[in-house]
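Note that the coordinates shown come from a computational prediction; the quantities given were computed from them, not determined experimentally.
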Amino acid sequence: MMFEHADNNPILNLTDEQNWKLIEGTKHGRLVVSVAGEPDIFPVNYAVSGRKLYLRTAPGNKLAELTINAKVLFETDGILSEEAWSVVLRGTARVLEQSADIAAAEALGLKPWVPTLKDFYVEIEPTSVTGRHFQLGEHPERDI
């Protein structure tokens, strides 16, 4: 098991350090944006530096929506044979425009998954990070 659970509880609320260990060890997740009350979700790959997330994107809905409303959610997770986990990051997104910021993001070596031009770097600064780890198993029988 990745993490020890107290009292055999199958659900563990993760600490900040545990959350970041999982975020830093994973390179894919989902970005949630919302404009005019309409949510949208995008699969993305990302890099981490200084407890901030970085992703690349091209012009389109994702870029337009996070520019209109910079408040975003990001979720990453993992499922193994006996355990699973999920981490949700709430934060503020900004498109990098300064040469030094773009150069620092490029130094992270973040490559697009698909062979398309993704010339815009986005930084997500977290305002909160929460996560849970799950021990998988059979559904328990209800005591009568």
Enquirer: Quick one: does Asn9's side chain have a donor or acceptor within less than 3.5 Å of a partner on His5's backbone?
Expert: no
Enquirer: Return the CH2 to NZ distance between Trp113 and Lys27, rounded to the nearest 0.5 Å.
Expert: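 One gets 12.0 Å once the value is rounded to the nearest 0.5 Å.
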Enquirer: Looking at Leu66, Leu31, Leu73, which hits side-chain contact (heavy atoms from CB on, under 4.5 Å) with Ile124?
Expert: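 Output: one option passes, namely Leu31.
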Enquirer: Any side-chain to backbone donor/acceptor pair from Thr76 onto Val87? Under 3.5 Å, distance only.
Expert: no
Enquirer: Taking the side chain from Asp40 and the backbone from Val33, do they hold a donor-acceptor pair closer than 3.5 Å?
Expert: no
Enquirer: Can you tell me how far CG of Leu80 sits from CG of Leu136, rounded to the nearest 0.5 angstrom?
Expert: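 It is 8.5 Å, given to the nearest 0.5 Å.
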Enquirer: With a 4.5 Å cut-off on side-chain heavy atoms, are Val72 and Val32 touching?
Expert: no
Enquirer: When clusters are formed by joining ILVMFWY residues with side-chain heavy atoms under 4.5 Å apart, either directly or through shared neighbours, do Phe42 and Leu110 land in the same one?
Expert: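 In one cluster: no.
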Enquirer: Are Leu89 and Val48 linked, directly or through other ILVMFWY residues, by side chains that come within less than 4.5 angstrom of each other?
Expert: yes
Enquirer: Is there a side-chain contact between Phe134 and Pro10 in this structure, where contact means two heavy atoms from C-beta onward sitting under 4.5 Å apart?
Expert: no
Enquirer: Nearest 0.5 angstrom please: Ile41 CD1 to Ser34 OG, how far?
Expert: 12.0 Å
Enquirer: Report yes if the side chains of Leu14 and Leu12 come closer than 4.5 Å at any heavy-atom pair, otherwise no.
Expert: yes
Enquirer: I'd like to know whether Val122 forms a side-chain contact (heavy atoms from CB on, under 4.5 Å) with Leu96, so could you lay out the CA-CA distance, the side-chain angles of the two residues, the decisive distance to 0.1 Å, and finally the verdict.
Expert: CA-CA 6 Å; Val122 175; Leu96 300 181; over 6 Å; no
Enquirer: Working to the nearest 0.5 angstrom, can you tell me the gap between Asn19 CG and Arg132 CZ?
Expert: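 If I round to the nearest 0.5 Å, the distance is 11.5 Å.
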Enquirer: With a 3.5 Å distance limit and no angle check, can you tell me whether Asn45 reaches the backbone of Lys111 through a side-chain donor-acceptor pair?
Expert: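 Flag set: sc Asn45 to bb Lys111 pair under 3.5 Å.
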Enquirer: Is there a side-chain contact between Thr15 and Trp20, using heavy atoms and a 4.5 Å cut-off?
Expert: no
Enquirer: Could Asp16 and Arg51 be called an ion pair, given the rule that one side-chain N must be under 4.0 Å from one carboxylate O?
Expert: yes
Enquirer: Kindly compute the distance separating NZ (Lys52) from CG (Leu108), expressed to the nearest 0.5 Å.
Expert: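 Spacing of NZ (Lys52) from CG (Leu108) equals 12.0 Å.
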Enquirer: For the residue pair Gln18 and Phe3, establish whether any side-chain heavy-atom pair is separated by less than 4.5 Å.
Expert: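 Yes. Closest side-chain heavy atoms under 4.5 Å.
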Enquirer: So which pairs with a foot in residues 80-94 pass side chain to side chain donor-acceptor pair (under 3.5 Å), sequence neighbours left out?
Expert: Lys71-Thr92, Glu75-Ser86, Glu83-His133, Arg94-Asp101, Arg94-Glu123
Enquirer: Tell me if a side-chain donor or acceptor on Tyr121 pairs with a main-chain N or O of Ala104 at a distance below 3.5 Å.
Expert: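 Looks like no, no N/O pair under 3.5 Å.
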Enquirer: Nearest heavy-atom pair of Ala105 and Tyr54: which atoms, and what distance?
Expert: CB-CD2, 4.3 Å
Enquirer: Which value, rounded to the nearest 0.5 Å, describes the distance between Thr57 atom OG1 and Leu117 atom CG?
Expert: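 Spacing of OG1 (Thr57) from CG (Leu117) equals 12.0 Å.
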Enquirer: I'd like to know if the side chain of Glu24 reaches the main chain of Lys21, judged simply by a donor and an acceptor atom lying under 3.5 Å from each other, with no hydrogens or angles considered.
Expert: no
